[in-house]
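Structure first, commentary second.
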Amino acid sequence: MNVENAVPDQARMVKVPNAQGFHARPVMRFVDTAGQFLSEVQVRKGGQVVDGKNPMEMMLLEATQGTELEISASGPDAAPAVDALAQLVESGFGEM
Amino acid sequence: MKLSDFIVADAVLPELKATDRNGVIREMVSSLAACTGLDEDAAASIAKSVIQRENQGSTGFGKGVAVPHVKHAAIKKITATIGRSSVGVDFAALDRAPVYIVVLLLSPPDNPDQHLASMENIFRHLQRDNFRRFLRQASTKEEINELIREADELPG
């Protein structure tokens, strides 16, 4: 199955709330959290889609404050994965 | 934005002398400070901040690269340098592997968007297998700067 073209099991839009944006430490926390789930995780910014478990790809999003991202997951624990990751972003990574 | 907009060519270190993480950070900050006119006190303060930041979470992103960085009041303009270690340095990287390519990025405190744009630029190139491999093989400052020039000329 081509995961990139498949409809994800769960998806949610979030907005990056913190002034520093999605910088390195938040990326590492995100990847760490995503890695706790079996599901494939993807993050989309406009037409750009990256692997939510790959920190280098995540840095390519250049998600500044206010950027809208879609977090999606496919797999057995897709719902809790999207919940946990959306919550992490919306909390401002503890920077607010 | 290009790599050569913020990587200071003269500050590039093709053979890091230090073999431990904190030593590498101090060596690279000193090199960048000497090339950008920062005094020793500022350099010491910056190095300390980079180490503190690294202690909060490793910037060893895996695949042999680390990108230690900090936002610091003594920095007026975003600057970076590249250091190469032939022996490998323990950065407590995500994949636990030693680090051979270190990119040190220093940003002013008040421009988070430009900081993210610079990081994007750095990782766009570092995620390419060839760029990492050629950097690891480059043994002189000129070779590293040539790789930076070539990277800047790639489309997109």
Side-chain angles (χ1 to χ4, degrees), chain A residues 4 14-38 40-71 81 84-85 88-96, chain B residues 1 3 49-50 52-72 78 80 91-97 99 101-132 135 154 156:
Chain A
E4 284 197 23
V14 293
K15 198 183 251 191
V16 177
N18 57 316
Q20 303 296 321
F22 220 138
H23 61 103
R25 243 171 310 157
V27 161
M28 288 304 207
R29 279 184 66 181
F30 188 96
V31 168
D32 195 43
T33 304
Q36 292 163 19
F37 296 94
L38 294 168
E40 302 274 343
V41 174
Q42 294 190 318
V43 183
R44 183 177 64 79
K45 173 187 159 188
Q48 183 184 11
V49 182
V50 300
D51 178 356
K53 297 186 179 185
N54 180 326
M56 287 205 209
E57 283 193 24
M58 287 290 295
M59 289 305 296
L60 301 182
L61 288 173
E62 200 185 330
T64 52
Q65 184 178 35
T67 300
E68 291 195 341
L69 301 172
E70 184 193 65
I71 300 169
L85 294 167
L88 178 64
V89 175
E90 283 168 342
S91 74
F93 314 101
E95 291 180 2
M96 293 169 36
Chain B
M1 185 187 274
L3 291 174
S49 302
V50 176
Q52 275 171 356
R53 158 65 189 85
E54 199 65 32
N55 287 340
Q56 291 168 8
S58 173
T59 63
F61 279 75
K63 299 190 175 179
V65 303
V67 186
H69 58 270
V70 81
K71 293 163 187 148
H72 193 283
I78 199 152
F91 256 81
L94 211 62
D95 60 2
R96 302 283 150 206
V99 163
I101 305 295
V102 183
V103 183
L104 173 80
L105 179 71
L106 305 180
S107 299
D110 55 358
N111 201 337
D113 292 4
Q114 199 193 28
H115 174 79
L116 286 184
S118 305
M119 286 291 236
E120 187 277 336
N121 206 309
I122 291 167
F123 282 106
R124 181 151 34 93
H125 295 295
L126 281 181
Q127 67 157 0
R128 285 168 33 224
D129 294 342
N130 271 345
F131 188 63
R132 291 196 310 275
L135 272 181
L154 289 175

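Every chain is numbered from 1 and lettered A, B, ... according to where its sequence line falls, protein lines coming before strand lines. What you see is a predicted model, and the numbers here were worked out from it, not measured in a lab. Note that these values count all heavy atoms, side chains included, but never hydrogens, waters or copies made by symmetry.
Neither the backbone nor the side chain of B:I122 comes within contact range of chain A, judged by heavy atoms closer than 4.5 Å. Heavy atoms closer than 4.5 Å to chain A are found nowhere in B:V67, neither backbone nor side chain.
Across A:Q65, A:M28, A:H23, the residue that shares the most heavy-atom pairs under 4.5 angstrom with chain B is A:M28. The candidate with the highest count of non-hydrogen atom pairs below 4.5 Å against chain B, out of A:Q20, A:R29, A:M56, A:E57, is A:M56.
Taking every heavy atom of both residues into account, B:F61 and A:V27 meet most closely at CE2-CG1, 4.5 Å. In this structure, B:P112 and A:A19 approach most closely via the heavy-atom pair CG-O, 3.5 Å. Contact between A:P55 and B:L94 at its shortest, heavy atoms only, is CG-CD2, 3.4 Å.
How far NZ of B:K63 is from CG of A:N54: 6.0 Å, rounded to the nearest 0.5 Å. To the nearest 0.5 Å, atoms CD (B:E120) and CE (A:M58) are separated by 13.5 Å. Here A:T64 contributes atom OG1 and B:D113 contributes atom CG; the two are 4.5 Å apart, rounded to the nearest 0.5 Å.
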Item to complete: Carefully, step by step, assess B:Q127 and A:M59 under the rule side chain to side chain contact (heavy atoms under 4.5 Å, CB included).
Response: CA-CA 10 Å; B:Q127 67 157 0; A:M59 289 305 296; over 6 Å; no
